[in-house]
Number of protein chains: 2
Amino acid sequence: MTQAAFFVLTALADQPRHGYGILREVEELSDGAVQLRVGTLYGVLDRLTADELIVLDREEVQQGRLRRYYRLTEEGTEALAAEAERMAAGAGAAKRRIAEGRRASEGNRPAGTVPPTAPGLAGGLA
Amino acid sequence: MTQAAFFVLTALADQPRHGYGILREVEELSDGAVQLRVGTLYGVLDRLTADELIVLDREEVQQGRLRRYYRLTEEGTEALAAEAERMAAGAGAAKRRIAEGRRASEGNRPAGTVPPTAPGLAGGLA
DNA sequence: TTGAATATATCGGCAGCCGATATATCCTGG
DNA sequence: CCAGGATATATCGGCTGCCGATATATTCAA
């Protein structure tokens, strides 16, 4: 799953939204870190629809402007949950390895000089 | 940062590795979930080198076969840590939103019928 | 009346992943 | 002895997918 698809699914996870609303929501939920582009959105929407991860919920006309609302399917919710799990596992693996690398480059120092930052190495990537 | 680049950096986070070793390491650290392809690897390696996130550590000849070892630069370690942070935040945001969506679709039901599965809503996305 | 925000959509360029392919060595099994 | 698989490097073309630019239309504020 691409980054863009992940964020679209995430934006739709709590409630149905229309295209432009997804754009704003992704920016907000990522605290401005992720800016989903208009040119990216509709391709993603088409692909997610084709994969049946999202579905057209309804169409509304608000103040003369068409709003096309999408919502997650059950399959889409599962796919998003699985992806979130993989990302969390990947992030955890990276963090542990960085810590390992730091320990290795620090070399053997007199016992007790290293602050106990080391986390447990439990858990892998699904 | 692409997924492939992320996993290459992760594989290199604890110690220098050569190309083929990265391939095996990524598969192992992801528990078989991620299979980095040979055709993908060298492009990633070139780009990461150009971006100075990794650097050629040394070359060895083991049993007549060349091994080209790469290692993370300080910048590479920082970039990986930052990406891991973003991924963890994104994963957390997705999980919270899925939970919110579940609550919304469940509607108002008689108090006490819903098992207390709801996790804490702490943390945002950087 | 001009510009920004809202709202949709398309298209071409470019970046990047992947399968196929190539080359070469070493080891194991038949 | 030789075929096949693992180890190890690298390249190339095709396809997918992101992004900037562009187009259209309405509403509202300056």
Side-chain angles (χ1 to χ4, degrees), chain A residues 1-12 15-28 30 32-51 53-71 79 83 86 90, chain B residues 1-12 15-28 30 32-51 53-71 79 83 86 90:
Chain A
M1 181 181 306
T2 64
Q3 291 298 111
F6 173 80
F7 278 106
V8 168
L9 291 182
T10 300
L12 293 176
Q15 60 176 278
R17 292 176 198 278
H18 59 100
Y20 195 80
I22 294 172
L23 250 36
R24 284 188 281 101
E25 185 63 19
V26 166
E27 185 163 2
E28 192 179 319
S30 71
V34 179
Q35 283 204 314
L36 189 63
R37 307 297 165 156
V38 189
T40 305
L41 180 67
Y42 294 97
V44 172
L45 248 26
D46 287 346
R47 257 170 277 132
L48 291 177
T49 300
D51 294 344
L53 300 186
I54 64 174
V55 71
L56 184 62
D57 186 62
R58 67 188 188 278
E59 289 183 341
E60 283 179 9
V61 176
Q62 293 277 325
Q63 295 168 322
R65 299 190 198 95
L66 176 65
R67 286 182 173 180
R68 190 163 287 148
Y69 285 79
Y70 293 88
R71 62 176 153 84
E83 184 69 15
R86 278 190 293 273
Chain B
M1 181 181 306
T2 64
Q3 291 298 108
F6 172 79
F7 278 106
V8 168
L9 292 182
T10 301
L12 292 176
Q15 59 176 276
R17 291 177 200 277
H18 59 98
Y20 194 81
I22 294 172
L23 249 37
R24 284 187 282 102
E25 186 62 19
V26 166
E27 186 163 1
E28 194 179 317
S30 71
V34 180
Q35 282 204 315
L36 188 64
R37 308 296 165 154
V38 189
T40 307
L41 179 67
Y42 295 97
V44 172
L45 248 24
D46 288 346
R47 258 170 277 131
L48 290 177
T49 300
D51 293 345
L53 301 186
I54 63 174
V55 72
L56 183 62
D57 187 63
R58 67 188 187 277
E59 289 183 341
E60 283 179 10
V61 177
Q62 292 277 325
Q63 296 167 321
R65 298 190 200 93
L66 176 66
R67 286 182 171 178
R68 192 162 285 149
Y69 285 79
Y70 293 88
R71 64 178 152 83
E83 184 67 15
R86 278 190 294 271

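Quick note: numbers below take in every heavy atom, side chains included, and nothing from hydrogens, waters or symmetry partners. Residue numbers start from 1 in every chain, and the chains themselves are labelled A, B, ... in the order their sequence lines are given, proteins ahead of strands.
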Open item on the list: If you compare every side-chain N and O of A/Arg47 against the phosphate oxygens of D/dC18 (OP1, OP2), does one of them come in below 4.0 Å?
Closed with: yes

TODO: Give one of base, sugar-phosphate or nothing for A/Gly39, where a contact means two heavy atoms less than 4.0 Å apart.
DONE: base

TODO: Report yes or no: does B/Arg17 contribute a side-chain atom to a donor-acceptor pair with the main-chain N or O of B/Glu25 at less than 3.5 Å?
DONE: no

- [ ] Rounded off to whole Å, could you give me the CZ-to-C1' distance for the A/Arg24 and C/dT6 pair?
- [x] 8 Å

Task: Between D/dG17 (P) and A/Phe7 (CZ): distance, integer Å - done: 18 Å

Open item on the list: Checking the side chain of B/Arg37 only, and the main-chain atoms of B/Gln35 only, is there a donor and an acceptor separated by less than 3.5 Å?
Closed with: yes

Open item on the list: Whole angstroms only, please: what is the CG-P distance between A/Asp46 and C/dT10?
Closed with: 7 Å

TODO: Measure the distance from CD on B/Gln3 to P on D/dT16 and round it to the nearest whole Å.
DONE: 19 Å

Open item on the list: Taking the minimum atom-to-atom distance to the side chain of A/Thr40, which one of C/dC17, C/dA7, D/dC19 wins?
Closed with: D/dC19

Task: Salt bridge present between B/Arg24 and B/Glu27 (N-O < 4.0 angstrom) - done: no

- [ ] Determine: side-chain N/O of B/Arg65 to OP1/OP2 of D/dT7, distance under 4.0 Å, yes or no.
- [x] no

Task: For atom CD of B/Gln62 and atom P of D/dT9, their distance in whole Å - done: 12 Å

Open item on the list: Measure CG/A/Leu41 against P/D/dG17 and give the value in whole Å, please.
Closed with: 15 Å

Task: Phosphate OP1/OP2 of C/dC17: any B/Thr2 side-chain N/O under 4.0 Å - done: yes

Open item on the list: Is there a side-chain contact between A/Tyr42 and the phosphate of C/dT10, meaning an N or O under 4.0 Å from OP1 or OP2?
Closed with: no

- [ ] Tell me what A/Val44 touches on the nucleic acid: a base, only sugar-phosphate, or nothing, going by heavy atoms under 4.0 Å.
- [x] sugar-phosphate

Task: Contact under 4.0 Å: A/Arg37 side-chain N or O vs D/dG20 OP1/OP2 - done: yes

TODO: Name the residue closer to the 5' end of DNA chain D, choosing between B/Arg67 and A/Leu36 according to the nucleotide with the nearest heavy atom.
DONE: B/Arg67

Open item on the list: Whole angstroms only, please: what is the CZ-C1' distance between A/Phe6 and D/dC18?
Closed with: 18 Å

TODO: Could you tell me the separation between the CZ atom of B/Arg68 and the CD1 atom of B/Ile22, rounded to the nearest 0.5 Å?
DONE: 12.0 Å

TODO: Identify, between A/Gln63 and A/Ala4, the residue whose nearest nucleotide on DNA chain D lies closer to the 5' end.
DONE: A/Ala4

TODO: Starting from P on C/dG16, measure out to CE on A/Met1 and report it in whole angstrom.
DONE: 21 Å

Open item on the list: Closer than 3.5 angstrom, by distance alone: can the side chain of B/Thr40 be matched with the main-chain N or O of B/Leu36 as a donor-acceptor pair?
Closed with: no

